[in-house]
There are 4 protein chains.
Amino acid sequence: MTLKMDAIALHGFLDKEFAQVRGDFIIADLAPDRISVQMQVADRHLRPGGTVSGPAMFALADVTAYLIVLANIGPKALAVTTNCSIDFMRKPAAGQMLVCEARLLKLGRALAVVDALIYSAGQAAPVARASLTYAIPPT
Amino acid sequence: MTLKMDAIALHGFLDKEFAQVRGDFIIADLAPDRISVQMQVADRHLRPGGTVSGPAMFALADVTAYLIVLANIGPKALAVTTNCSIDFMRKPAAGQMLVCEARLLKLGRALAVVDALIYSAGQAAPVARASLTYAIPPT
Amino acid sequence: MTLKMDAIALHGFLDKEFAQVRGDFIIADLAPDRISVQMQVADRHLRPGGTVSGPAMFALADVTAYLIVLANIGPKALAVTTNCSIDFMRKPAAGQMLVCEARLLKLGRALAVVDALIYSAGQAAPVARASLTYAIPPT
Amino acid sequence: MTLKMDAIALHGFLDKEFAQVRGDFIIADLAPDRISVQMQVADRHLRPGGTVSGPAMFALADVTAYLIVLANIGPKALAVTTNCSIDFMRKPAAGQMLVCEARLLKLGRALAVVDALIYSAGQAAPVARASLTYAIPPT
């Protein structure tokens with residue numbers, strides 16, 4: 001399996017199409033069936049007590065899963081998230097970036113399935129777990 | 001069942017504890033086991049093509065479900081989201097606010113379960129469906 | 001919206017295609033976007049203490065959601081469950097049948113989404129909540 | 001972390017408490033934070049065409065996750081499944097046993113979270129993915 005987009009192409013796509021989150025996400029590692037994405041935690045991601053908000057962790061899981069699908073199907077396909085199940089398991093460490101490690105479990109003609117673990121930098125146990133489904137439109 | 005917080009108290013709590021989303025959410029209706037919350041869609045919630053982003057819809061479902069739990073257990077309890085399953089079913093209408101209609105399905109000693117439908121103002125069919133679980137810490 | 005299969009046709013389909021669960025499920029009510037299905041609880045569905053097992057409740061939710069999809073798309077389509085999220089909220093009453101009330105939230109070309117509440121006969125509060133997605137193959 | 005129950009103790013517990021599924025499940029591997037369980041596929045687990053039914057795969061995921069929790073907390077605790085999200089990704093091979101590989105992601109005082117992949121013997125790609133939450137009653 002050859003990737004249709006590498007990390008540079010994916011970053012370019014994010015910058016162009018998701019300008020509102022420009023710079024939030026950095027692809028640290030990319031292989032055909034797995035990806036690692038870092039999120040710099042900014043003030044707008046925080047909740048009282050310094051916890052990263054649920055929507056911010058959801059956004060990280062969603063972008064990460066989207067990128068590994070995109071890497072495989074290319075930039076033209078308009079994949080959309082159809083389902084996400086997410087478990088928040090631990091409080092992220094204050095002031096630490098988050099890292100999302102995702103696996104592409106299925107890449108079908110119509111659906112892709114990805115699962116992911118989110119870690120707080122410097123903590124061994126994951127802070128969240130997510131699984132996501134993307135609908136891939138017919139070409 | 002008497003509510004421990006009414007809409008005014010809940011708005012005050014949101015303004016104080018969730019200052020980053022101040023003004024985004026308006027409680028339109030509140031009863032012991034159901035709630036309706038409106039979200040004004042701002043530029044930062046959008047994706048290319050004018051669609052509301054997944055994280056923005058997740059945030060609306062999460063805040064709405066949190067508020068109906070809080071209304072029942074009061075402001076001191078530090079309930080945290082432990083799980084969310086969300087289905088994105090249709091594209092929200094451009095330039096329309098979103099409305100989240102949620103039901104409190106269970107309020108136990110340790111766990112609360114809420115389900116929700118999200119509508120785009122002016123569209124009859126829901127754009128998303130979510131179910132959420134909150135852990136309620138021992139008092 | 002006219003149904004492509006009524007309750008009699010759906011029962012016939014179940015008897016023929018799902019002979020292993022023959023007689024377990026009875027359609028009590030059917031409309032274009034909702035359905036009510038009863039499950040007679042047998043010994044093989046029980047867990048110690050007389051509780052209905054999780055897999056038995058999953059099966060009820062899955063069959064119920066499948067039937068409302070089938071009622072709308074007809075018997076030839078080979079819809080398959082792609083995702084289910086289920087919350088077990090209360091212990092079913094011993095010796096009571098279960099009733100599943102489901103709504104068809106989306107019927108798209110490729111995906112259908114259904115949500116459901118499961119009740120124990122004679123209890124007002126639902127024992128479980130489920131949402132399910134079905135992939136509908138191209139015709 | 002020392003296990004409170006080993007594979008022999010877990011098998012004994014299953015035989016006694018879950019007599020209806022006696023012999024269906026075999027623990028192939030057990031470590032403090034992971035477990036592998038095999039399910040012999042019988043006629044009652046099948047759907048037309050030889051596919052293993054959704055409820056049968058759900059049951060395998062549920063038993064597997066339950067066993068790794070039980071191995072850690074011991075036989076007296078009455079853990080109950082509170083949530084399961086499951087994705088059915090591929091058709092299991094006909095006439096093959098299923099293998100469920102699960103990880104214990106969190107073991108808290110009140111909640112445990114497990115995720116799992118289900119494989120059809122002899123197929124490299126997983127047929128299903130599940131995540132499950134168990135409520136652990138206070139001791």
Side-chain angles (χ1 to χ4, degrees), chain C residues 13-22 24-25 39 41-66 70 75-76 78-92 100 111 114 127-135 137, chain D residues 13-22 24-25 39 41-66 70 75-76 78-92 100 111 114 127-135 137:
Chain C
F13 180 88
L14 270 191
D15 280 356
K16 199 176 118 213
E17 300 291 336
F18 294 83
Q20 283 121 334
V21 296
R22 190 193 301 264
D24 281 7
F25 304 105
M39 182 172 80
V41 176
D43 273 1
R44 70 182 177 285
H45 302 132
L46 299 182
R47 282 282 180 270
T51 307
V52 181
S53 75
M57 285 191 272
F58 175 90
L60 172 57
D62 192 27
V63 163
T64 302
Y66 184 64
L70 222 63
K76 282 178 192 139
L78 202 68
V80 293
T81 315
T82 56
N83 173 264
C84 175
S85 170
I86 187 164
D87 293 289
F88 300 102
M89 301 188 292
R90 293 175 182 87
K91 192 180 161 171
C100 183
L111 292 177
V114 177
V127 297
R129 182 216 66 76
S131 39
L132 304 105
T133 301
Y134 293 79
Chain D
F13 180 88
L14 270 191
D15 281 355
K16 199 177 119 214
E17 302 289 338
F18 294 83
Q20 282 122 333
V21 295
R22 189 194 302 265
D24 281 6
F25 304 105
M39 181 171 81
V41 176
D43 273 359
R44 69 181 178 286
H45 302 131
L46 298 182
R47 282 282 180 270
T51 308
V52 181
S53 75
M57 285 191 271
F58 175 90
L60 172 57
D62 192 28
V63 162
T64 302
Y66 184 64
L70 222 65
K76 280 175 193 143
L78 201 67
V80 292
T81 316
T82 56
N83 174 263
C84 175
S85 170
I86 187 163
D87 292 290
F88 300 102
M89 301 187 292
R90 293 175 184 87
K91 191 179 161 171
C100 183
L111 292 178
V114 177
V127 297
R129 182 216 66 76
S131 40
L132 304 104
T133 302
Y134 293 80

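Quick caveat: nothing in here was measured; it's all calculated off a predicted structure. Sequence lines set the chain letters: A, B, ... in the order given, protein chains first and strands last, and positions in each chain run from 1.
Interface check for chain D: of the options C/A128, C/C84, C/A61, C/A56, the most heavy-atom pairs under 4.5 Å are formed by C/C84. When each of D/S131, D/S53, D/G54 is checked for heavy-atom pairs under 4.5 Å with chain C, D/G54 comes out on top.
Not counting sequence neighbours, D/D62 has no partner by the salt bridge (charged side-chain N to carboxylate O under 4.0 Å, His left out) test. Listed by chain and residue number, D/V80, D/T82, D/L111 satisfy the side-chain contact (heavy atoms from CB on, under 4.5 Å) test with D/A135 (two or more places apart in sequence, or in another chain).
Under a 3.5 Å cut-off, the side chain of C/N83 and the backbone N or O of D/I86 do form a donor-acceptor pair.
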